[in-house]
Amino acid sequence: MHATDRAVKILVQPHRGDINSPVVHKHDAFEDASEEDLRGFEIVEDAEGHHYAVRKEHH
């Protein structure tokens with residue numbers, strides 16, 4: 001191990017936060033728009049068991 005590798009390992013600690021705190025999921029406008037777009041798709045399965053997302057047809 002080189003001296004720089006050791007220095008990085010000691011001096012650069014990852015930010016981990018409080019592991020016991022609950023995860024807070026906040027929706028923003030981009031996520032709301034993505035979810036709206038995804039509602040236009042359905043999952044289909046072919047004869048071999050492969051799954052695909054297919055845009056729903058509007059009747």
Asks: For the OH atom of Y52 and the CG atom of D46, what is their distance to the nearest 0.5 Å?
Replies: 4.5 Å

Asks: Once rounded to the nearest 0.5 Å, what's the spacing between atom CD of E42 and atom NZ of K56?
Replies: 6.5 Å

Asks: Can you tell me how far apart CG (L38) and CZ (R55) are? Round to the nearest 0.5 Å.
Replies: 9.5 Å

Asks: Among all residues two or more places apart in sequence or in another chain, which pass the side chain to side chain donor-acceptor pair (under 3.5 Å) test with E35?
Replies: none

Asks: Heavy-atom count check: over 12 atoms from other residues, nucleotides or ligands less than 6.0 Å from F30 CZ?
Replies: no

